[in-house]
2 protein chains.
Amino acid sequence: MAAPTRADRGGSQTLKALLGIRELVFSGAIGPGERLSEVILSHRLSLSRTPIRAALAQLEQEGVLETIPSGGYTVRGFTQADVADAIELRGVLEGTAARFAAERGVAPVRLQAMHALLAEIDTIVAEPQEMDFSAYIDRNGEFHELLHTLSGSDTLRRELARVMKLPFALPNAFVTAQAQMPEIRASLVVAQAQHRAIVDAIELREGGRAEALAREHARLARNNLDVVIEDRNLMTKVPGLALIST
Amino acid sequence: MAAPTRADRGGSQTLKALLGIRELVFSGAIGPGERLSEVILSHRLSLSRTPIRAALAQLEQEGVLETIPSGGYTVRGFTQADVADAIELRGVLEGTAARFAAERGVAPVRLQAMHALLAEIDTIVAEPQEMDFSAYIDRNGEFHELLHTLSGSDTLRRELARVMKLPFALPNAFVTAQAQMPEIRASLVVAQAQHRAIVDAIELREGGRAEALAREHARLARNNLDVVIEDRNLMTKVPGLALIST
DNA sequence: GTCCGTATGAATGTATACATCTCGTATACG
DNA sequence: CGTATACGAGATGTATACATTCATACGGAC
């Protein structure tokens, strides 16, 4: 039983506030530009103002909220360009992670773990009829997380963790939408080919190639964004994309 | 009279706490690994615990502090590799900023401002006898800030602002140390040549070249780091470098 | 009718009291 | 003498009361 330790950063209240407010924002219940009142939120979430304040401050750091010069916070409005930039930024950072891994080398044990993941994703993607998207999302997330670790740079890993606080910048952001698109399989097959190429480049210590590949890999998500934007119905399927305003 | 508006994020107390704690940490008064007690800090800075808490949370986001699993914060210890990574990360992000500026184009007015800055730095660096380091630091800072803006990406600009919260990652971090080194002039002349090349590449819409140049520009700082590390006397001249532990 | 000053209300910023948990220490038992 | 347990000091987490500031609306003067 996961004994609720203080490590949860407010084992209860502050974490509740964080998750609660995030939910309110990304579900669109509050809407871009709208002001977040501490007292109203504290009533709505049945918490005191203190954990609410802590959560608001953190969400501002995450880029979800903006400070009002006179005090307080509003929901940040994202443009399509903002989302595209966030995705490309992830690509740049993951490219750097891949390059670091290639240049600095990685322990054989970890490469083995990488290959194990690749094999699992292979079988998932190769599924003839119905793909297990849930499994794909899990393994794909693990792949990227491991890649970040392989960089060997904590500073870089932190920064990547930060950028991926924005849900639409996540590697898995568009997978659920892809599940409803006709060319799904092909798209994921391409993604997996890129996964393999990235690992290959890392093993061969080809830093430049590893970086370029990881960037291109993120561009897949970038392309999907353009497709999804066209289809308002699909947009609701991508987490956090409801925040896009103009 | 700068009317203290709430926009200062705690017009007084919270800002005081932030600056105060940062000072305590970067001056080495607290030291890596040491725990930061809220009550002790509140006494030391003559503030209540509330603004202290807010400042601690922010400094943790900035990467200066680390959370203890059981609650509370300690001063983060930086290795030489951490500092090098932070500098290289800045280079990667500034490279992306330069590439964006080249690819997306910048308004002529802003390019003019860029050239004006370049001209000013030229005259400063060309000074025959004593260089005005203070002026150089100011203009150099403005150059980099403007470069970040020229990217046209707010997301990227935010991320750059974050990375540069670590003082040793700042473009100006090693200038004061350079002032005490024999090869100062040459080093800054090279830096200025790179400045010009970056702007040139942006004007010619050569994204790849702009990115590579900005990265190489950051490597100058990286190289200076190695030199400074050797000389414990110089280390104290570089802000925040006292945090380096092992 | 418009503009400016004032006043009122609500929001955030701050301080502090209280609750809860962690960790060190001392003591008792095996 | 070592270990386990219980206790206590001190830390953070939380709630709330108080101070201060900002925005809005109202009223009066020009």
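Residue numbers start from 1 in every chain, and the chains themselves are labelled A, B, ... in the order their sequence lines are given, proteins ahead of strands. Owing to the predicted nature of the structure, the values given are computational and were not obtained by experimental measurement.
Judged by distance alone, the side chains of A/Glu94 and A/His217 never bring a donor and an acceptor atom under 3.5 Å apart. Between B/Thr155 and A/Asp85, the side chains place no donor N or O within less than 3.5 Å of an acceptor N or O (distance only, hydrogens not considered).
Rounded to a whole Å, the CG atom of B/Leu41 is 17 Å from the P atom of D/dG10.
Looking at which nucleotide of DNA chain D each of B/Glu38 and B/Thr50 is closest to, the 5′-most match is held by B/Glu38.
B/Glu88 and B/Arg215 are not joined by a salt bridge, as no carboxylate oxygen comes within less than 4.0 angstrom of a charged side-chain nitrogen.
Nearest nucleotide to the B/Gln13 side chain, out of C/dA15, C/dT12, D/dA15: C/dA15. Closest to the B/Arg49 side chain, of the nucleotides D/dA11, C/dA11, C/dA17, is C/dA17. Closest contact between the side chain of A/Ser70 and the listed nucleotides D/dA23, C/dT14, D/dA15 involves D/dA23. With D/dT16, D/dT12, C/dT12 as the choices, the nucleotide that has an atom nearest any side-chain atom of A/Arg53 turns out to be C/dT12.
A/Ser37 contributes no side-chain N or O that forms a donor-acceptor pair with the base of C/dA11 under 3.5 Å.
Note on B/Leu36: only backbone sugar-phosphate atoms sit closer than 4.0 angstrom, heavy atoms only; bases stay farther off.
Listed by chain and residue number, B/Ala113, B/Met114, B/Leu117, B/Leu150 satisfy the side chain to side chain contact (heavy atoms under 4.5 Å, CB included) test with B/Leu146 (two or more places apart in sequence, or in another chain).
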